[in-house]
Amino acid sequence: MINCERAGIKRFVVATPRELYPDVARAMGRFKGSDSVSMVESFSEILNHRDADGLGIDPSSPCVSFSGNLVFAKSQLARILGAHASNPRSVHRAVSTDRDQGGEIATGPIGEILKRGGISTAIAAPAASLLPFALNGRPEDREEAELRLAKSIREESAHKDAPMARWVDRRISWRISYWLAAHTRVMPNMVTVANTAFGLACAWMFSVPNYWMRLFAAIFFLISITIDGVDGELARLKMVESDFGGALDVVTDNIVHVGVFIGLLIGCYRVDHSRAYLYLIPILLGGFMMCTYAIWRAFKIKGEQAAAWLDKVDRWSGRDFAYLVVVLAIANRLEYFAWGTAFGTYVFALVLIWITGPIASSIIRED
């Protein structure tokens with residue numbers, strides 16, 4: 001019900017024997033007693049009439065029906081709703097991919113769904129393995145469902161992940177998230193705070209004028225980048241996403257970035273004894289402020305065109321640079337990154353501002 005609510009579904013009807021009403025209501029959690037939820041003994045009760053509670057739905061109304069003890073992710077539901085949006089007058093059915101095929105999701109006009117029970121629709125092969133899973137009473141079902149949910153979160157962010165994040169980081173982070181969700185009581189914000197402390201420790205290590213210390217700092221920072229995806233994945237797995245958690249992640253990421261780059265510049269100064277690296281610190285901070293403004297400005301743009309384009313901004317501003325830092329640390333050439341970052345931030349900000357100007361203007365004209 002939480003996934004449906006997040007997908008924009010406003011009304012819920014649950015069919016169950018009347019004697020089970022109290023048990024079903026308790027199982028609804030925060031939806032118990034909500035005006036958006038109704039319980040009936042048969043879905044046919046809700047068509048073409050209104051009872052004392054005002055219950056009644058037009059047969060042509062769009063509907064998503066669930067049968068079986070289904071487990072599914074938000075991205076899986078979005079894929080099924082997307083198939084419905086392409087042909088809203090037809091009934092689409094997605095059968096669960098457990099070996100019993102013990103559940104299904106059907107979309108379409110509610111009258112047609114109840115009359116025909118849904119009609120099978122072809123589903124693209126790559127999506128088939130990610131369709132919902134139904135629990136059918138076997139002990140291994142729960143573990144399989146949890147594993148599928150954990151794998152699905154890789155797909156949810158693939159469209160905006162930078163290349164190395166998609167090909168390497170997510171393949172590691174989702175396994176960590178899965179283990180934490182299945183075996184611990186660790187919450188996402190705990191991961192955020194712990195990883196921030198780890199990242200700041202890397203910043204201190206970068207400031208030490210020792211080859212091995214700075215190399216390990218680069219490696220640990222790369223590990224920190226990978227762990228950075230865990231808090232968001234864990235929040236989705238435990239369904240505890242919040243605006244505060246998202247804001248905390250963004251703020252702490254930027255704190256770590258600033259700390260690491262300043263630590264790196266101090267380390268370069270302590271190695272080469274050139275005051276130029278100290279002068280680069282305020283230049284770098286100015287570049288960060290300019291990037292912050294450019295990204296804030298870009299994300300204020302609204303509309304479908306803007307949403308698609310801003311996914312690209314996410315990829316461009318991703319943290320694949322951590323892999324470059326490791327390579328330069330191995331070659332003992334971290335000063336290249338120091339100079340490149342100090343002035344590269346200005347280039348990125350100016351290009352972003354220049355590109356988003358015409359996009360914002362075209363969207364305003366379309367509106």
Side-chain angles (χ1 to χ4, degrees), residues 1-74 76-81 83-84 88 90-121 123 131-149 152 237-240:
M1 293 176 77
I2 293 173
N3 275 333
C4 290
E5 182 184 56
R6 291 173 178 173
I9 295 171
K10 305 295 185 183
R11 186 174 183 182
F12 302 89
V13 180
V14 181
T16 186
R18 188 170 295 275
E19 61 270 19
L20 295 181
Y21 279 12
D23 295 333
V24 172
R26 281 192 296 272
M28 289 181 186
R30 67 177 175 83
F31 289 92
K32 178 183 177 181
S34 171
D35 293 338
S36 64
V37 181
S38 304
M39 285 192 284
V40 296
E41 291 189 270
S42 169
F43 285 125
S44 60
E45 296 177 28
I46 66 177
L47 295 179
N48 296 322
H49 74 278
R50 293 184 179 275
D51 59 17
D53 297 324
L55 186 63
I57 297 177
D58 188 299
S60 64
S61 298
C63 171
V64 185
S65 71
F66 302 86
S67 64
N69 193 5
L70 285 169
V71 178
F72 57 90
K74 183 171 62 176
Q76 296 164 347
L77 178 60
R79 184 179 298 113
I80 294 166
L81 292 177
H84 167 74
S90 297
V91 175
H92 304 265
R93 184 178 64 194
V95 180
S96 63
T97 55
D98 53 282
R99 68 187 185 190
D100 296 325
Q101 293 192 319
E104 74 169 29
I105 298 179
T107 62
I110 187 170
E112 291 298 312
I113 289 177
L114 295 180
K115 182 171 65 177
R116 296 188 295 174
I119 56 174
S120 296
T121 333
I123 297 173
L131 288 177
F133 184 83
L135 304 177
N136 295 298
R138 289 186 295 271
E140 64 271 20
D141 281 356
R142 177 177 173 179
E143 183 177 349
E144 176 66 18
E146 289 174 343
L147 185 60
R148 289 189 182 210
L149 280 176
S152 73
L237 284 175
K238 293 196 171 189
M239 303 193 79
V240 293

Exercise for the section: Give, for atom SG of Cys63 and atom CD of Glu112, the distance between the pair rounded to the nearest 0.5 Å. Expected result: 12.0 Å
Handout entry: Non-hydrogen atoms of Ala134 and Asp141 that approach each other most closely
Key = O-OD2, 4.3 Å
Exercise for the section: Indicate yes or no for a side-chain donor-acceptor contact from Ser96 to the backbone of Gly102 under 3.5 Å, with no hydrogens or angles considered. Expected result: yes
Handout entry: Asp100 (side chain) donor-acceptor with Asp98 (main chain) under 3.5 angstrom
Key = no
Completion exercise
Nearest heavy-atom approach of Met1 to Phe12 is O-CZ, 3.7 Å
Exercise for the section: Tell me, yes or no, whether the heavy-atom count around Asp23 atom CG, taken from other residues, nucleotides or ligands under 6.0 Å, exceeds 12. Expected result: yes
Problem - Spacing of CZ belonging to Arg11 relative to OG belonging to Ser61, to within rounding of 0.5 Å - result: 8.5 Å
Completion exercise
CG of Leu147 to CD of Glu140, rounded to nearest 0.5 Å, is 13.0 Å
Practice task
For residues Val91 and Pro109, report the shortest heavy-atom separation together with the two atoms involved.
Solution key: CG2-CD, 4.4 Å
Handout entry: Residues, nucleotides or ligands: over 12 heavy atoms within 6.0 Å of Arg142 CZ
Key = no
Practice task
Take the angle between the ring planes of His84 and His92 and call it parallel below 30°, perpendicular above 60°, tilted in between.
Solution key: perpendicular
Problem - Pair Val14-Met28, side chain to side chain contact (heavy atoms under 4.5 Å, CB included): steps then yes or no - result: CA-CA 10 Å; Val14 181; Met28 289 181 186; 3.7 Å; yes
Practice task
Indicate yes or no: at least one non-hydrogen side-chain atom of Glu41 is less than 4.5 angstrom from one of Tyr21.
Solution key: yes
Practice task
For the residue pair Cys4 and Leu77, establish whether any side-chain heavy-atom pair is separated by less than 4.5 Å.
Solution key: yes
Fill in the blank from the handout: Note: Asn3 and Phe72 closest approach over all heavy atoms is ND2-O, 3.0 Å
Handout entry: Nearest-0.5 Å distance that lies between atom CD in Glu144 and atom CG in Leu149
Key = 10.0 Å
Practice task
Enter the distance from Lys74:NZ to Met239:CE here, rounded to the nearest 0.5 Å.
Solution key: 8.5 Å
Exercise for the section: Output the distance between atom CD (Glu19) and atom OG1 (Thr16), rounded to the nearest 0.5 Å. Expected result: 7.5 Å
Completion exercise
For Ala7 and Leu81 the tightest heavy-atom approach is CB-CD1, 3.8 Å
Problem - Salt-bridge contact Glu5-Arg30 (side-chain N to carboxylate O under 4.0 Å) - result: yes
